[in-house]
Amino acid sequence: MRIAVTGGAGYIGSHVALELMQAEHDVVIVDNLSNSSEVSVQRVADLAGHAPAFYQTDIRDVQEIRRIFSYHSIEAVLHFAGLKAVGESVSEPLAYYDNNVNGSLQLLQVMRELGIRQFIFSSSATVYGQQEQPPFAEHAALGPTNPYGHSKRMVEQLLEDLCVSDPSWRVAALRYFNPAGAHPSGLIGEVPRGVPNNLMPYVLGVLTGRYEQLRVFGQDYPTPDGTGVRDYIHVMDLASGHVAALDYLQQHAGFNVFNLGTGCGYSVLQVVETFEQVSGHGIPYTVLPRRPGDVAESFAVADKAWKSMSWRAERTLQSMCQDAWNFAQRNPEAY
Ligand SMILES: NC(=O)c1ccc[n+]([C@@H]2O[C@H](COP(=O)([O-])OP(=O)(O)OC[C@H]3O[C@@H](n4cnc5c(N)ncnc54)[C@H](O)[C@@H]3O)[C@@H](O)[C@H]2O)c1
């Protein structure tokens, strides 16, 4: 298929673009490079053995998007472009609603106009509310608690309404849990700009000497070792999950939601220990009070994706840490 990948120069998008190219799809990457570099597109080309088409364009530039989609006769859009820092979304809500909600809206309008009806959306486990205890199945109550999570929820709602209005749409909203790791080649991976919010990039910052010690927010949660528990999923598993979802949409119209997680939770200290094993270095840490908004545990019920699309995450925490560490070592200056 001819597939547009918005945000394809970013962390997850670059891995998915590569996976699609290796599955013989024609890939067109659209990214404004606000949180990435063209180097990752070059690396994807190196790994795939041929280059994807690439446009440095904002998804809200409707004229340009229309021109690109019609020039390449795009058949499906995988939509990764967006802002993703929860804390920043609280201080900059307008930027988040504009980029994530308005951006998606503009994209969908162009798609409707051009008759493109297949869409895969990067949603997030942050859409789940705190009314229920984990694990979260897709039908669990929703209740995001910050503008980032609201923006994801709003786009899901928009997509659901769109599918009701016109049954020819084929849409999958994929709710990622905690993406981690890198391509095993060490050529593409996560390059955080500024101080990372997430655990794994911060641990890597400590391992590479950028930060003196890890800050562990809370060791008094009702979990086995008192630290927060999350469902980490290897970015390579996420990538294969997108190809599975695209296949699924060939047989299933309408709005479809899938969790992409492993169904297994690991604590902060388990992640630290695993990084210590794979790197051979100790990771000093200090315990600070809980961060407002953080929950004790979050992990997925991952059965639906397995039953419906025969997809499940295969890679271990060990391989996430190993591949992330390999990427960090091979790219000391990032890119
Ligand atoms: N990484 C995570 O922990 C996580 C978890 C759940 C969901 N998600 C979602 O997955 C998607 C991809 O996340 P990621 O981790 O790869 O982030 P990323 O920042 O690495 O990638 C996003 C890409 O989109 C581009 N972009 C942003 N706004 C744009 C715009 N208006 N027009 C064109 N390009 C634009 C950025 O330059 C970047 O390359 C995001 O929508 C994110 O919200 C990520």
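Every number for a ligand or one of its atoms is a count from 1 in the order of the listing.
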In this structure, atom 16 (O) of ligand 1 is nearest to the protein heavy atom Ile12 N, 2.8 Å
Do the rings of Trp325 and His281 sit parallel, tilted or perpendicular, given the 30° and 60° boundaries?
perpendicular
Looking only at protein heavy atoms, what sits closest to atom 21 (O) of ligand 1 is Gly10 CA, 3.5 Å
Here the atoms of ligand 1 under 4.0 Å from any heavy atom belonging to Ser34 are 26 (N), 27 (C), 28 (N), 36 (C), 37 (O)
Logged contact type for Arg60 with ligand 1, heavy-atom cut-off 4.0 Å, is side chain
Would you call Pro179 a ligand 1 contact, heavy-atom distance under 4.0 Å?
yes
Judging by distance only, is a nitrogen or oxygen of Asn35 under 3.5 angstrom from one on ligand 1? yes
Quick note, salt bridge (charged side-chain N to carboxylate O under 4.0 Å, His left out) partners involving residues 124-144, not counting sequence neighbours, are none
Rounded to the nearest 0.5 Å, the NZ atom of Lys304 sits from the NZ atom of Lys307 at a distance of 11.0 Å
For Ser123, is the nearest heavy atom under 4.0 Å from an atom of ligand 1?
yes
of all protein heavy atoms, closest to atom 12 (C) of ligand 1 is Phe80 O, 3.5 Å
Quick one: does Val191 get a heavy atom under 4.0 Å from ligand 1?
no
For Ser36, the ligand 1 atoms with a heavy-atom partner under 4.0 Å come out as 37 (O), 38 (C), 39 (O)
Of all protein heavy atoms, the one nearest atom 26 (N) of ligand 1 is Asn32 OD1, 3.4 Å
Atom 20 (O) of ligand 1: closest protein heavy atom, distance to 0.1 Å, is Tyr11 N, 2.9 Å
The answer for which part of Lys152 has a heavy atom under 4.0 Å from ligand 1 is side chain
- request: Compute both the distance and the angle, then confirm whether Arg290 meets the cation-pi test with Tyr221: under 6.0 Å from the six-membered ring centre, within 45 degrees of the axis.
  value: yes
(message) Is any side-chain heavy atom of Asp237 closer than 4.5 Å to one of Trp311?
(response) yes
Does the pair Lys84/Glu190 count as a salt bridge with the N-to-O cut at 4.0 Å? yes
The closest protein heavy-atom partner of atom 32 (N) of ligand 1 is Ile59 N, 3.0 Å
Verify whether one side chain among Tyr176 and Ser122 offers a donor that lies under 3.5 Å from an acceptor in the other. yes
Going by the 4.0 angstrom heavy-atom rule, the piece of Asn178 near ligand 1 is neither
* May I ask you to check if ligand 1 and Asn99 share an N or O to N or O distance below 3.5 Å? => yes
In terms of its nearest heavy atom to atom 39 (O) of ligand 1, the top option of Leu83, Thr6, Asp31, Val127 is Asp31
Quick one: does Asp58 get an N or O within less than 3.5 Å of an N or O on ligand 1? yes
Show me, pair by pair, the donor-acceptor contacts under 3.5 angstrom made by side chains of residues 99-107, not counting sequence neighbours?
unit_1, atom_1, unit_2, atom_2, d
Asn100, OD1, Leu83, N, 2.9
Asn100, ND2, Leu83, O, 3.0
Asn100, ND2, Ser151, OG, 3.1
Asn102, ND2, Asp98, OD1, 2.7
Ser104, OG, His79, NE2, 3.0
Ser104, OG, Asn100, O, 2.6

Ser122 heavy atoms within 4.0 Å reach ligand 1 at atoms 9 (C), 10 (O), 11 (C), 41 (O)
Checklist line | Worked check of ring pair (Phe, Tyr, Trp, His ring centres under 6.0 Å) between Tyr211 and Tyr202 | finding: CA-CA 8 Å; Tyr211 307 113; Tyr202 205 100; 4.5 Å; yes
>> Can you classify the ring geometry of His15 versus Tyr11 as parallel (below 30°), tilted (30 to 60°) or perpendicular (above 60°)?
In response: perpendicular
Per-atom filter on ligand 1: closer than 4.0 angstrom to a heavy atom of Leu33 are 37 (O)
Basic-acidic side-chain contact under 4.0 Å: Glu156, Arg175: yes
Closest heavy-atom approach to atom 17 (O) of ligand 1 among Arg175, Gln56, Lys84 is made by Lys84
Cation-aromatic face contact Arg291/Phe217, 6.0 Å, 45 degrees
yes
The option among Phe177, Tyr148, Tyr232 carrying the non-hydrogen atom nearest to atom 9 (C) of ligand 1 is Tyr148
- Query: What do the steps show when you test Ile3 against Val28 for side-chain contact (heavy atoms from CB on, under 4.5 Å), and what is the final call?
  - Reply: CA-CA 6 Å; Ile3 301 169; Val28 177; over 6 Å; no
